[in-house]
Amino acid sequence: MYGKLVIYHEALSFYTDALFMAKTRAQKIALHSNRAACYLKLHEFKKAAEECTSVLELDHKHTGALMLGAQTLVALKEYHSALFDVNRLMELNPSSEVYQNLEARLRTQLESHFLQYLNLKLNWMKSKKMML
């Protein structure tokens, strides 16, 4: 495992150096995408999300960055934002079963978290009422 981590860190260093020399939009997109993938493998989810944002600033329809961004946001438990990215993917390819399944899973996840929140809020309110 340690060896793979070293490889991802080395790759990040190369991609970063190359990014300073990149001249075309396509080169920058590829390098930011590669950096996002490395950060995801390293479980540095916030940095991966930032790289996906950099790609999307260059190409707002980049499906790879949208998908990787959604995965990263799920890892960060930012389900609303992940659902936003998946909805953008579905706009680009409405017939994709992969995107439809991901959207359904995210909606279920959001509902589950919302119900947990409501349950915590209700328990808190009950505890406050008992204190009075």
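Counting heavy atoms from C-beta on, the side chains of Y99 and E103 never come closer than 4.5 Å. The side-chain heavy atoms of T53 and H32, taken from C-beta on, include no pair separated by under 4.5 Å. Using a 4.5 Å heavy-atom threshold, the side chains of T16 and L31 count as separate. The shortest side-chain heavy-atom distance between L102 and M67 falls under the 4.5 Å cut-off. Side-chain contact check for H62 versus S33: some heavy-atom pair is nearer than 4.5 Å.
M90 and F84 end up in different hydrophobic clusters when Ile, Leu, Val, Met, Phe, Trp and Tyr side chains are linked at under 4.5 Å. Cluster membership check: L73 does not share its hydrophobic cluster with L106, using side-chain heavy-atom separations under 4.5 Å among Ile, Leu, Val, Met, Phe, Trp and Tyr. Under a hydrophobic clustering in which Ile, Leu, Val, Met, Phe, Trp and Tyr are joined whenever their side-chain heavy atoms come within less than 4.5 Å, directly or via other members, L76 and Y39 fall into different clusters. In the hydrophobic cluster analysis, where Ile, Leu, Val, Met, Phe, Trp and Tyr join through side-chain heavy atoms closer than 4.5 angstrom, V86 is grouped together with L92. Criterion: ILVMFWY side-chain heavy atoms under 4.5 Å apart, direct or through other members. Under it, Y15 and I29 are not part of a common hydrophobic cluster.
Atom CD of Q71 and atom SG of C52 lie 8.5 Å apart (nearest 0.5 Å). Atom-to-atom distance recorded for K41:NZ and I7:CD1 is 12.0 Å, nearest 0.5 angstrom. Note that CD of Q27 and NZ of K23 are 8.0 Å apart. Values are rounded to the nearest 0.5 Å. For the atom pair CG (L42) and CG (L12), the distance works out to 6.0 Å, reported to the nearest 0.5 Å.
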Derivation and outcome, side chain to side chain contact (heavy atoms under 4.5 Å, CB included), residues R35 and L19: CA-CA 10 Å; R35 284 169 46 95; L19 200 51; 4.1 Å; yes
Between Q109 and R105, is a side chain to side chain contact (heavy atoms under 4.5 Å, CB included) present by the stated rule, with each step listed? CA-CA 6 Å; Q109 203 68 31; R105 284 197 330 253; over 6 Å; no
I would like to know whether S95 and N93 meet side chain to side chain contact (heavy atoms under 4.5 Å, CB included); could you show each step before the answer? CA-CA 6 Å; S95 62; N93 188 356; 3.3 Å; yes
Using the rule given for side chain to side chain contact (heavy atoms under 4.5 Å, CB included), can you reason through L68 versus E51, listing the C-alpha separation, both sets of side-chain angles and the distance that settles it, and then say yes or no? CA-CA 10 Å; L68 189 60; E51 291 298 327; over 6 Å; no
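By the 4.0 Å N-to-carboxylate-O rule, K46 lies too far from E50 to be salt-bridged with it.
Results of the side-chain contact (heavy atoms from CB on, under 4.5 Å) test with L66 over V55, L56, N87 single out L56 as the only residue that passes.
For the pair S112 (side chain) and T108 (backbone), a donor-acceptor distance under 3.5 Å is absent. No donor-acceptor pair closer than 3.5 Å links the side chain of R88 to the backbone N or O of T63. In this structure, the side chain of N119 does not engage the main chain of L115 through any donor-acceptor pair within 3.5 Å.
By the 6.0 Å contact criterion, CD on E97 is open, its count of non-hydrogen atoms from other residues, nucleotides or ligands being 12 or less.
A search for ring pair (Phe, Tyr, Trp, His ring centres under 6.0 Å) contacts involving F45 returns H43, not counting sequence neighbours.
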